[in-house]
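Worksheet: one structure, shown below.
A, B, ... follow the sequence lines: proteins, then strands. Residue 1 opens every chain.
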Amino acid sequence: MSDHLAEIARAACARHDNAPDALIEVLHDVQGALGHIPREAVSEIADALNLSRADVHGVVTFYHDFRISPPGALVVKLCRAEACQARDCETIVAEVETRCDVRWGDTSADGAVSLENVYCLGNCALGPAALIDGELFGRVSADRVETLVKAAQRGKP
Amino acid sequence: MTRRVFIPDDAAALSVGADAVASEFALEAERRGADVTIIRTGSRGMLWLEPLVEIEVDGVRIGYGPVAPELVGALFDDGFLDGGSASPLHIGPVTEHPYFARQTRLTFARCGLTDPLSLSDYEANGGLVGLRKALSMDAEAIIEAVTVSGLRGRGGAGFPTGIKWKTCAEQTDAQKYICCNADEGDSGTFADRMLMEGDPFCLIEGMTIAALAVGASKGFIYLRSEYPHAKSKLERAIALCEQAGLLGENIDGSGRSFELRIRIGAGSYVCGEESAMLDSLEGKRGEVRAKPPIPAISGLFGKPTVVNNVLSFAAAPFILANGGEAYREFGMGRSRGTQPFQLAGNVRQGGLVELAFGVTLGELVHEFGGGTQSGAPVRAVQVGGPLGAYLPPERFDLPMDYEAFLEAGAMIGHGGVVVFDERVQMARQARFAMHFCAEESCGKCTPCRIGAVRGETILDQIIAGDDVAENIVRLDELCEVMEEGSLCAMGGLTPMPVRSALKYWPGDFQS
Ligand SMILES: Cc1cc2nc3c(=O)[nH]c(=O)nc-3n(C[C@H](O)[C@H](O)[C@H](O)COP(=O)(O)O)c2cc1C
Ligand code: SF4
Ligand code: FES
């Protein structure tokens, strides 16, 4: 396992006093630094927080936020909950899937984009809502997502 | 003379370009040599007008919205600096706008008005009065005020807040906790977010009052990870309170202590259920705990814990400042005080509307909401989040009241109202309810974990037109199993939207 990775995991644990109840914060920190939670990091965190690997793994897999593999260069999280459904978020899914040859819920094989589902971003009066590379947008259109996705696809040879 | 310009930095406003608008205002003012100060505020809650920009003229705030960066030049040409009405974006004095003027803003009195991170603004507008009163009262008197107010939990279950605090206060443990449920997972709701971003001191004050009431020295805000703007506002607000001696040791020189921390969730709807939230706060998988014991007796790390929603805590400063009677004057029946309702989905005037209980659903949807965004007729409204019922316009006479909703097989929940126009297909909405439950179930009990997946399959068959009559019977039986056999309301209430869809739109299930 790379020293770099171990260092990041251990530093995150230390930042939270190696307290086992801070596991979720630690995972957020690690994912913030690495983009996902690699398997090696799980063992390192388990050691530092005095938890079993199964404990840590169980938490990583329980929460939707945590990824065990790297995300695409562009991450679009589209809200698919009721208030955004009422404002046609499903049309965005259908149009972008056909126009860009991608599947919602997947990271494309070339690593260009991850198109993910979320359920409510608290922007329900201005839907459809999406988090695009971590930034919140309201009144999102299929055209806008298509432009971003196509740009990301071009950016990756 | 310096003119004050107010532009929200609430997440909803930012999501439609409020930062770019603010930069453009600064540039345009400079270009014209106009002397303006830009103050970032929370949102007024008239979200369809965001970004909503206000300028103060002779002590009155005149609004313009929705503003886009490219419209700023024209706005100045049209006399913005004098609050002129020539611009098509002009809405007049903000507090006289019918959407706003008809509200009763008790909890959201300051939201959108003040700089959320100015303690002096906060105090100048009624903040800290409740806390200072509480500091001079004994614990029983604080709890009595909350009990008299009739406040019921705003997170969904509507449990009387005074009773919860009393139970926790009666425990003799040295360590107790105050936990704020800021998981706000219900689709169609954003009131917690707006308050935390627009008036974070109000939540902190409310939690501190609760701490004094039950004798807790430590508190946590469990904040969903989807709310980074709220996180940064709360972090800064907590730091400011610590510096001002309003949090930490010896609050306001009283000898009492209260330490407050934020913990971030990780994307899990069921972690809004209070016992799952407590497990998540402890760094574990968010699995629902069997009750009893209730958290007020054995909660976080096994210690007595008050768990309340953001809005429940945020009502406490008003109640302490003005007395329980003043709060209970509003409302109907056993639903006392005000509820910040949230109008969302396909609605023309989406936003936050704080009103006394008793307003009808129809008044909310039509008079405040202005009907659908698309202009097509309203077909269905889902109230109370993903576990709430769908109601047709024939039920728009229903008053917003916990008991009236219960009787109608519905619930108010956290006050979200999601509007759908005539294109909605109700069998699909029922299917989504099951799908959502399958995605978000904590997995602890079978009726929910397996039932939801089964429900989704049955509804797929119904939508495909397979054995519709038999499948509807199966669906009905499954709903009963989930209602009867689930450990928590996730599995127990998922049948509510399903049954309501079947009841009011049976034709939608006969493809
Ligand atoms: C599946 C599920 C999700 C919930 N989500 C939330 C939530 O996001 N916020 C909240 O305050 N309460 C939520 N609740 C209700 C809490 O369990 C609890 O009743 C509430 O936090 C108590 O605070 P209150 O009395 O102030 O409402 C949820 C309940 C269930 C069953
Ligand atoms: S009803 Fe669902 S969410 Fe609730 S405890 Fe059972 S499995 Fe978990
Ligand atoms: S339902 Fe999409 S942001 Fe709330």
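Shortest non-hydrogen contact noted between A:Ala86 and B:Val419 is CB-O, 3.2 Å. Nearest heavy atoms, A:Tyr63 versus B:Ser280: OH-OG, 2.9 Å. Listed here is the closest heavy atom pair of B:Arg224 and A:Gly122: NH1-N, 4.1 Å. Residues B:Leu47 and A:Arg139 share a closest heavy-atom pair of O-NH2, 4.1 Å. The minimum heavy-atom distance linking A:Glu25 with B:Ile262 is given by the pair OE1-O, 4.4 Å. Considering every non-hydrogen atom in both A:Ala125 and B:Leu343, the closest pair reads CB-O, 3.6 Å.
At a 4.5 Å heavy-atom cutoff, the contact between B:Leu281 and chain A is made by backbone atoms alone. At a 4.5 Å heavy-atom cutoff, the contact between B:Gln382 and chain A is made by side-chain atoms alone. With a 4.5 angstrom heavy-atom cutoff, A:Glu82 touches chain B via backbone and side-chain atoms both. With a 4.5 angstrom heavy-atom cutoff, A:Asp55 does not touch chain B via any of its atoms. At a 4.5 Å heavy-atom cutoff, the contact between A:Leu121 and chain B is made by backbone and side-chain atoms alike.
Taking the six-membered ring wherever Trp is involved, the centroid distance between the rings of A:Tyr119 and B:Phe436 falls below 6.0 Å.
A 4.5 Å side-chain heavy-atom check between A:His28 and B:Ser225 finds at least one atom pair inside the cut-off. Side-chain contact between B:Val424 and A:Gln85 is absent, with no heavy-atom pair separated by less than 4.5 Å.
A:Arg99 CZ: more than 12 foreign heavy atoms inside a 6.0 Å radius. A 6.0 Å sphere centred on NZ of A:Lys150 holds more than 12 heavy atoms belonging to other residues, nucleotides or ligands. For A:His16, the NE2 atom counts as densely surrounded, since its 6.0 Å shell holds more than 12 non-hydrogen atoms of other residues, nucleotides or ligands. The environment of A:Asp133 atom CG is dense: over 12 non-hydrogen atoms of other residues, nucleotides or ligands sit within 6.0 angstrom.
For the atom pair OG of B:Ser268 and CD1 of A:Ile24, the computed distance is 9.0 Å after rounding to the nearest 0.5 Å. To the nearest 0.5 Å, atoms CZ (A:Arg87) and OG (B:Ser374) are separated by 9.5 Å. Distance CD/B:Glu226 to CG/A:Leu131: 8.0 Å, rounded to 0.5 Å.
Between chain B and the options A:Leu23, A:Asp21, A:Val56, A:Leu27, heavy-atom pairs under 4.5 Å are most frequent for A:Asp21. The greatest number of non-hydrogen atom pairs below 4.5 Å with chain A, out of B:Glu439, B:Arg428, B:Glu287, B:Gln349, is found for B:Glu439. Of the listed residues B:Gly267, B:Gly350, B:Ala380, B:Gly351, the one with more heavy-atom pairs under 4.5 angstrom with chain A than any other is B:Gly267. Comparing A:Gln31, A:Arg80, A:His64 by heavy-atom pairs within less than 4.5 Å of chain B, the highest count is held by A:His64. Contact count versus chain A (heavy atoms, under 4.5 Å) is highest, among B:Ala11, B:Gly286, B:Pro228, for B:Gly286.
Below 4.5 Å, heavy atoms of chain A meet heavy atoms from B:Gly185, B:Asp186, B:Ser187, B:Gly188, B:Thr189, B:Phe190, all part of residues 185-192 of chain B.
Side-chain N or O atoms of B:Arg285 include none that pairs as donor or acceptor with a backbone N or O of A:Val59 at under 3.5 Å.
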